[in-house]
Amino acid sequence: MVTKYPHVNKAFCDVESLKWSRIPVQDVEHKHSFVRDGEEKRTANVEVDGTQGNDKLVCKVTSGIQDLLVLKSSGSAFENFLRDEYTTLIPVSDRIFSTSVDLTYTFSLPALSFGTIDALGELDVEAQFNRVAASAKEVTLEVFAVDESASVQATLYKMATDIIKKNPSVGSVSYKLPNKHYIPVDLSFMKLDNLKPEDAEVFCPVAAP
């Protein structure tokens with residue numbers, strides 16, 4: 001579009017890939033029937049900039065994951081935080097950690113300036129988009145699972161730095177990990193202790209704290 005129309009200097013393309021799996025029928029994957037395998041989306045955003053002319057096109061590529069729902073029932077804490085007279089949050093040494101992962105990462109490739117739109121196909125050789133996508137998801141899930149999380153922020157930082165360390169073509173990483181709250185249910189009417197962190201076994205998911 002940028003090279004075809006003189007009045008267009010920039011073009012943007014946003015793509016979402018949903019996860020579909022073949023339906024198993026008698027232990028055989030059906031050839032034309034599918035089921036949505038979760039709400040997770042793989043995203044790609046491309047900006048082609050022709051401001052400096054068609055012979056100096058520049059491409060910016062951002063990819064990521066959205067709506068990747070995860071939960072672990074232990075291995076997460078939130079303690080030793082700053083407190084004042086307005087603090088009502090109770091320190092917790094072990095808690096449920098659940099979130100819907102929203103991850104974006106931008107490729108940092110100086111060689112992405114190219115002479116013609118046909119050179120777009122060469123980007124994958126340097127950027128390795130599919131390999132990076134697999135690595136980013138693997139890092140996200142592995143760190144989430146094994147990290148003894150001191151806070152959501154600490155785990156998020158470990159995920160982001162690990163992606164950059166393992167993928168030289170990635171220049172920046174951004175996460176959003178909104179808490180999915182699980183509140184202990186008051187079972188005192190049954191003479192059961194369920195409110196203290198060390199006693200809680202029955203929880204109610206809520207949309208807000």
Practice task
To the nearest 0.5 Å, tell me how far K41 NZ sits from S17 OG.
Solution key: 11.0 Å
Fill in the blank from the handout: So NZ of K158 and CG of D147: to nearest 0.5 Å the spacing works out to 3.5 Å
Exercise for the section: Count the heavy atoms belonging to other residues, nucleotides or ligands that lie under 6.0 Å from CD of Q52, then report whether that count exceeds 12. Expected result: no
Exercise for the section: Take Y105 and S172 through the test side chain to side chain contact (heavy atoms under 4.5 Å, CB included) and record every step on the way to the result. Expected result: CA-CA 6 Å; Y105 47 90; S172 63; over 6 Å; no
Practice task
Find the distance between CD (E40) and CG (L18) and round it off to the nearest 0.5 Å.
Solution key: 10.0 Å
Handout entry: D162 and K166 ion-paired at < 4.0 Å
Key = yes
Problem - side-chain hydrogen bond (donor to acceptor under 3.5 Å, both in side chains) partners of residues 192-205, not counting sequence neighbours, each pair once - result: none
Practice task
Specify the closest pair of heavy atoms between V48 and C59, including all atoms of both residues, with the distance to one decimal.
Solution key: CG2-SG, 4.4 Å
Fill in the blank from the handout: What one should report as the nearest heavy-atom pair of P91 and R83 is CD-NH1, 3.5 Å
Exercise for the section: With rounding to the nearest 0.5 Å, note down the distance linking CD1 in I65 to OG in S100. Expected result: 11.0 Å
Problem - Single-linkage hydrophobic cluster F203~V70, side-chain heavy atoms < 4.5 angstrom - result: no
Problem - Donor-acceptor side-chain pairing of Y175 and T104 below 3.5 angstrom - result: no
Fill in the blank from the handout: To the nearest 0.5 Å, atom CG of L177 lies from atom CG of L103 at 9.0 Å
Problem - Distance-minimising heavy-atom pair for T43 and Q66 - result: CG2-CD, 3.8 Å
Practice task
For the pair N9 and T51, evaluate side chain to side chain donor-acceptor pair (under 3.5 Å) and give the outcome as yes or no after the intermediate values.
Solution key: CA-CA 5 Å; N9 291 326; T51 305; 5.4 Å; no
Practice task
Might you point out which heavy atoms bring P178 and T99 nearest each other, and give the distance in Å?
Solution key: O-OG1, 2.7 Å
Could you list the donor-acceptor pairs under 3.5 angstrom formed between side-chain atoms of residues 128-135 and any protein atom two or more places apart in sequence or on another chain?
residue, atom, partner, partner atom, Å
Q128, OE1, R131, NE, 2.9
N130, OD1, R42, NH1, 3.2
N130, OD1, R42, NH2, 2.8
R131, NH1, N167, OD1, 3.3
R131, NH2, N167, OD1, 3.1
S135, OG, N167, ND2, 3.0

Practice task
Please examine the side chains of D102 and D67, heavy atoms only from C-beta on, and report whether any two atoms are closer than 4.5 Å.
Solution key: no
Exercise for the section: Apply side chain to side chain contact (heavy atoms under 4.5 Å, CB included) to S93 and E79, showing your working. Expected result: CA-CA 7 Å; S93 60; E79 301 178 289; 3.5 Å; yes
Exercise for the section: Any pair with a residue in residues 138-159 that passes ring-ring contact (aromatic ring centres under 6.0 Å, His included), sequence neighbours left out, goes on the list, sorted by first then second residue, please. Expected result: F97-F144
Handout entry: Common cluster, F189/V202, ILVMFWY with side-chain heavy-atom separation under 4.5 Å
Key = yes
Exercise for the section: Under 4.5 Å between side-chain heavy atoms, chaining through other members, with only Ile, Leu, Val, Met, Phe, Trp and Tyr counted: pull out the rest of the cluster around F78, sorted by chain and number. Expected result: F81, L89
Problem - Qualifying residues under ring pair (Phe, Tyr, Trp, His ring centres under 6.0 Å), relative to Y182, sequence neighbours excluded - result: none
Practice task
Please report the C-alpha distance between T155 and V143 in whole Å, then the side-chain angles of each, then the deciding distance to 0.1 Å, and finally whether the side chain to side chain contact (heavy atoms under 4.5 Å, CB included) criterion is met.
Solution key: CA-CA 7 Å; T155 299; V143 173; 4.1 Å; yes
Handout entry: Heavy-atom donor-acceptor pair, S33 side chain to H30 backbone, under 3.5 Å
Key = no
Practice task
Given side chain to side chain contact (heavy atoms under 4.5 Å, CB included), test T106 with V173 step by step and report yes or no.
Solution key: CA-CA 7 Å; T106 300; V173 176; over 6 Å; no
Problem - Linked, directly or transitively: L192 and V185 (ILVMFWY side chains, under 4.5 Å) - result: yes
Handout entry: Inter- and intrachain pairs under side-chain hydrogen bond (donor to acceptor under 3.5 Å, both in side chains), touching residues 19-29, at least two apart
Key = S21-D37
Handout entry: Pairwise distance CD1(I183) to CD1(I96) - rounded to 0.5 angstrom
Key = 9.5 Å
Handout entry: D186 versus L195, closest heavy-atom pair with distance
Key = CA-CD2, 3.7 Å
Problem - Cluster link I164 to L141, ILVMFWY, side chain under 4.5 Å - result: yes
Completion exercise
When every non-hydrogen atom of S149 is compared with those of S151, the smallest separation belongs to OG-O, 2.8 Å
